[in-house]
Amino acid sequence: MEKRVRVRFAPSPTGGLHMGGVRTALFNYLFAKRHGGDFILRIEDTDQTRFVEGAEEYIVNALKWCGISPNEGVGFGDGPHKPYRQSERKELGIYKKYADKLIASGHAYYAFDSNEELEEMRKRMEAAKVVAPQYNNVTRQNMRNSLTLPEDEVKRLLDANTPHVIRLKVPRNEEIRFEDIIRGWVIVNSNQIDDKVLLKSDGMPTYHLAHIVDDIEMQISHAVRGEEWLPSAPAHVLIYRYLGLEAEMPKLAHLPLILNPDGNGKISKREARFPVFPLSWKDPREAEPFIGYKESGYYPEAFVNILALLGWNPGDNKEIMSLTEMASLFDFDRVNKAGAKFDPDKAKWFNQQYLRMQSDESLASEFKLVLESKGIKRDNEFILQFCKLVKEKVQFTKEFWNEGVYVFEAPVSFDEKVMTKKWNPTNKELFTKVYQRFKNLDIWTAVVLHDDFTVAQTELGKIDMQMLRVIISGVAGGPQLFDLLALIGKEETIKRMDHFLQTH
RNA sequence: GGCCCGUUCGUCUAGGGGUCAGGACACGUCCCUUUCACGGAUGAAACACGGGUUCGAUUCCCGUACGGGCUACCA
């Protein structure tokens, strides 16, 4: 019988969760939903030196904003496998138990080497022209561990609480193979793998041990993570094997990385000219916060949609999809192997698509907030009409402002090109007459204005619409002119014309 | 350096032994609109290279090149 699908997102709280991490969480979530399984959030805080204040809370908030909430785990209500924080699980002694089991079966050993001794070994190896020195089946023979030290000496050191780690005893020249769901068979010779530390001298497990123990204990069916874990996967297979748990080992899926748009490599928060965090992230060690997608004006649905299509596609040409839709379509056989460069332009386009799907009312209430932040108060109907007029010109709500400042504030400058080309005494005379006609209009709607304008042209000759637009708005382009005039209102329109004619 | 993973338009990608190699973003042109945008139409734009296998390879295999990842008592 197939195992129930249980997947986990297991970040370490060493900083803000960036978009790559969110994408990993997203694929886990989609896979779980697709198969009616569970999605778990586990916090891998086994490195106390890298702990960052606020990071865990950030991870939880970011997932919530994205709408990809786990149904079990830290910040989302405990489940049957609590606790979900590895530092707390360590207190339960579960990692030690598994490490001891490996010691007992001879697949792990104690190592007493100090940092200095490790450093010396590396230097020696480098002197011998070894580029990447490893603690492995060859070098361990010259180090201080339970494989080289006499038994009673080991016992004495242990009894004296000498600082030590537990290392995995990786066999010599063995072929290790495993099948990755995305990449197929991967084969590595064990000589390439170092004797990984399983339990650190502070008693904490390393990632290698901890995630395996937890995946087993939490009955995880699929371990879905970034490609950066691929090189250590063979070591993980060995650990499962030596624990006698190879049959229960989760299936592995290594996701392609999200790459920088220009140049190459993983996205870096420092160089990027686009947000890399879902929400603004203020690192306690940094002076300036990193602005997030949320604060940049992205809809969470758009953000998540963009991320999903970085490395996955539904097989047809569909691009705009809700989380539910994606979840019904998702599978690993449609996940790419190659890394994907992030395209900030396309991200904006995605947001534009979602903006258009919003109702005018909801856009208006969003934009009302922007106006209020600028100290401008208008009634809801006015804002609604304004939004209707300019919505198809913007990709973000905040752009409503730039797109139509002149609706709220009379222009102080006038498009130079249009002015030099079109403003002349003849036009001044003409627009003075237009001004008079406008003044005498009793009803001020787009339709009436349009009709009156048609009549006016038969009497006065051709009237340049763009010139009128510049007089009213200062800029050369914008929404339908009569709609615009109707929105601005008679009083304000003639006031602006009057002022313009006086000063030009 | 070693090991692992990868390589279709500039970017995200579809496809997969015989296709005019399809779509999307961005870009160009035209239409619509007395403007801008939206929309519509259209254009330019790709199978990294070299060997096999095959009647036929972009597709399968092997090399090469290039890119990425890993190479900690970090995850």
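Naming convention: chains lettered A, B, ... in sequence-line order (proteins, then strands); numbering from 1 in each chain. Treat the numbers as computed from the prediction; the structure is a model and nothing was measured. These values consider heavy atoms only, across backbone and side chains, with no hydrogens, waters or symmetry-generated copies.
- As a whole-Å value, the separation of Leu257(A) CG from C12(B) P is 13 Å.
- For the C1' atoms, the distance from U13(B) to A46(B) is 12 Å, rounded to whole Å.
- Nucleotide C3(B) holds its C1' atom 17 Å from the CH2 atom of Trp229(A), rounded to whole Å.
- At a cut-off of 3.5 Å, with distance as the only test, a side-chain donor of Asn305(A) or Tyr354(A) sits close to an acceptor on the other residue.
- There is no side-chain donor-acceptor pair under 3.5 Å between Asp195(A) and Asn137(A).
- Rounded to the nearest Å, the gap between the C1' atom of U19(B) and that of A57(B) is 13 Å.
- Summarising the geometry, the separation between CG on Leu198(A) and P on C73(B) is reported as 12 Å, rounded to the nearest angstrom.
- In terms of heavy-atom proximity, Lys196(A) sits nearest to Ser232(A) at CE-CB, 4.0 Å.
- No cation-pi contact links Arg437(A) to Tyr435(A), judged by a cut-off of 6.0 Å to the six-membered ring centre and 45° from its axis.
- Judged by closest nucleotide on RNA chain B, Trp185(A) is the one of Val165(A) and Trp185(A) placed further toward the 5' end.
- Regarding Glu399(A), its CD atom lies at a distance of 12 Å from the C1' atom of A37(B), rounded to whole Å.
- Asp214(A) and Gln86(A) share a donor-acceptor pair across their side chains, judged by distance under 3.5 Å alone.
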Expected string for nucleotides 21-31 of chain B under the B/S/- scheme (protein heavy atoms, under 4.0 Å, primed atoms plus P, OP1, OP2 as sugar-phosphate) is -BSBB------
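- For Arg85(A) and Glu56(A), the salt-bridge test passes: some basic side-chain N is under 4.0 Å from an acidic carboxylate O.
- When the side-chain nitrogen and oxygen atoms of Arg167(A) are compared with OP1 and OP2 of C73(B), one or more of them lie within a distance under 4.0 Å.
- Whole-Å rounding puts the Asn137(A) CG to C3(B) C1' distance at 15 Å.
- Using a 4.0 Å heavy-atom distance criterion, Asn189(A) is classed as making no nucleic acid contact.
- Regarding Glu227(A), its CD atom lies at a distance of 16 Å from the P atom of G67(B), rounded to whole Å.
- A heavy atom closer than 4.0 Å to some atom of RNA chain B occurs in Leu118(A), Arg122(A), these being the qualifying members of residues 117-127 of chain A.
- Between Phe500(A) and Phe414(A), the distance separating the two ring centers is shorter than 6.0 angstrom.
- Among the atoms of the strands shown, base atoms are found under 4.0 Å from some heavy atom of Arg50(A).
- Annotation: Phe453(A) is in aromatic contact with Phe482(A) [ring centroid separation under 6.0 Å].
- Ring to ring, Tyr207(A) and Trp229(A) are close: their centroids are under 6.0 angstrom apart.
- In this entry the distance linking CG of Asp47(A) with P of C74(B) reads 5 Å, nearest Å.
- Distance check on atom P: A44(B) versus G69(B) gives 36 Å, rounded to whole Å.
- Atom CZ of Arg469(A) is separated from atom P of A37(B) by 12 Å (rounded to the nearest Å).
- Look at the C1' atom in both C27(B) and G63(B): the space between them is 38 Å, to the nearest Å.
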